[in-house]
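Reading through the structure tokens given below for one structure.
Counting starts at 1 for both ligands and their atoms, in listed order. Only a predicted model underlies this, so the values are computations on that prediction, with no experimental measurement involved. These values consider heavy atoms only, across backbone and side chains, with no hydrogens, waters or symmetry-generated copies.
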Amino acid sequence: MATLAPKRYQLAIGGEWVDSAEQETFASLNPSTGQPWYEAARGTAEDVRRAVAAAKAAFERPTWRDMTQTARGKLLRRLGDLIAENAELLAVAEATDNGKLIREMRGQLAVLPEYYYYFAGLADKLHGETIPALRREILNYTLREPVGVVGAITPWNSPLLLTSLKIAPALAAGCTLVIKPSEHTSASLLEMMPLFEQAGYPAGVVNVVTGFGHDAGAALVAHPDVTKLAFTGSSETGSRIAAQAGARLARVTLELGGKSPQVVFADADPHSAAMGIVAGVFAAAGQTCVAGSRVLCQDAVYDEVLERVRERAARIKIGDPLDPDTELGPLALREQLEKVRSYVRIGRDEDRATLVLGGGVPEIAARTGGWYFEPTIFADGRNDMRVCQEEIFGPVVTFLRFRDEDEAVRLANDTRFGLAAGVWTRDMARAHRVASRLDAGTVWLNTYRAMSPMSPLGGFKDSGFGKENGFEVMREYTRLKSVWVNTSDEPTADPFVLR
Ligand code: NAI
Ligand code: MG
């Protein structure tokens, strides 16, 4: 397997690797050991200014501005090919940086190029329309144009994928980007940077300023030349960014948190439901925005489904994320370990839920220094408990009971979030009926965590607004201009003579 030696990464601005203006760096830690493994440049407002200037110049330069849409598609296709060729390096970088399983990263990198190919295909299918007018001699048409410089701010839980959801459509539209990756997980994106040049992108089309949210991130949000902000992360930060973007009338899309329900009806296949629940909350150690962290079970199957989930979760193989046999790796950040631990305390002492599995740090943590946490299950949950209302973002799930369909829908929707939901039933009429009643941007029926570049992704309520993926996302990266043409040869009449 490829391994990555400790490195010192710089900022990627205007096609060059450069130090931060203040020459400062910060260390990123390896979650499997708790030890530093690379240094990245600590970008500040001055670096953001340089990067935005580079992105703006690249946006206006003929090499990019006048490139045909078909040529833009070809570049994206080449980029997808290069990602496929460098998949192992990128997978190892992210697994080392974030603690994500190498087996999950290999799977993710096997499909990530498809996201680039999809948007490559869309690049020359974007067009305006001709529109009827109230006067015969008028030709009216629209032009669909790129919005300009995009500021992308991304989180640590799935850096390459979540950043790609912004890069691919922005480049298909003809925008340029400044990306501020999470200070906890910048390595995989930095390892990907050379691929843009190899694919043939002009310098400055994609820029990366590593650093912290409160300085580099905030400077990107505030910069007047950043026309659109694409953010994924916590609802608290998203709300702050939306307010600041609103103050200067910048466009913004927000992919935020969730407290997604998995609803299991008595007629569901209990084995499939249990496997879907395990995958929904223990994959990626529960550090996904769509984690199915509340399980609503109909009375008749509650005990059986809980027991099946407990039995499988108890056998989850905790270990080194770089070992392909590992099923659960460490949490990505030390702060996250503390947060998960505190929620287990809240669930037990404050909410008085019943702890039926886990709740602690496994033995491997002391041996390796890694930020591991056991798969944890609470039973006897009530929806008003904090563990049922607040995003934990870890391998913790709470089971609740319901009597009938109306109660299931009411409990499922009774949260500030509206990102995703799973429904397990063999009654197809009920499945579609419940899907239409759920307040969630994505509903999975008898499956969970399915995703594709073709399908719109994005939440309702405090889970954010705007979509990623699908044709719909192109509206977020383009603007529509209406052009009016007088096709008459008649001289323009005197405006003050009424006809
Ligand atoms: P965060 O939402 O604060 O950070 C996400 C990104 O925003 C990072 O790149 C960060 O540097 C940047 N940022 C932070 N403050 C900013 C500001 N004022 N202006 C501009 N950019 C800013 O998330 P964080 O601190 O990494 O994690 C906190 C909690 O958020 C986690 O415990 C987890 O529960 C939740 N979270 C949820 C995610 C989701 O996809 N739903 C993703 C990441 C975190
Ligand atoms: Mg790290």
Subject >> salt bridge (Lys or Arg N to Asp or Glu O under 4.0 Å): pairs with one or both residues in residues 351-371, sequence neighbours excluded >> reply: Glu363-Arg367
Original post:
Any salt bridge (Lys or Arg N to Asp or Glu O under 4.0 Å) pairs touching residues 381-393, not counting sequence neighbours?
Top reply: Glu350-Arg386, Arg382-Asp384, Arg386-Glu390
Subject >> Ser293: partners by side-chain contact (heavy atoms from CB on, under 4.5 Å), with sequence neighbours left out >> reply: Lys259, Val281
Subject >> Asp47 side-chain N/O to Ala21 backbone N/O, donor-acceptor pair under 3.5 Å >> reply: yes
Original post:
Are any non-hydrogen side-chain atoms of Val150 and Val226 less than 4.5 angstrom apart?
Top reply: no
**OP:** May I ask you to decide if the ring planes of Trp156 and His184 are parallel, tilted or perpendicular, using 30° and 60° as cut-offs?
**Re:** perpendicular
Subject >> Those protein residues which place at least one heavy atom below 4.0 Å from ligand 1 >> reply: Ile153, Thr154, Pro155, Trp156, Asn157, Lys180, Pro181, Ser182, Glu183, Gly213, Gly217, Ala218, Val221, Phe231, Gly233, Ser234, Thr237, Arg240, Ile241, Leu256, Gly257, Cys289, Gln336, Lys339, Glu391, Phe393
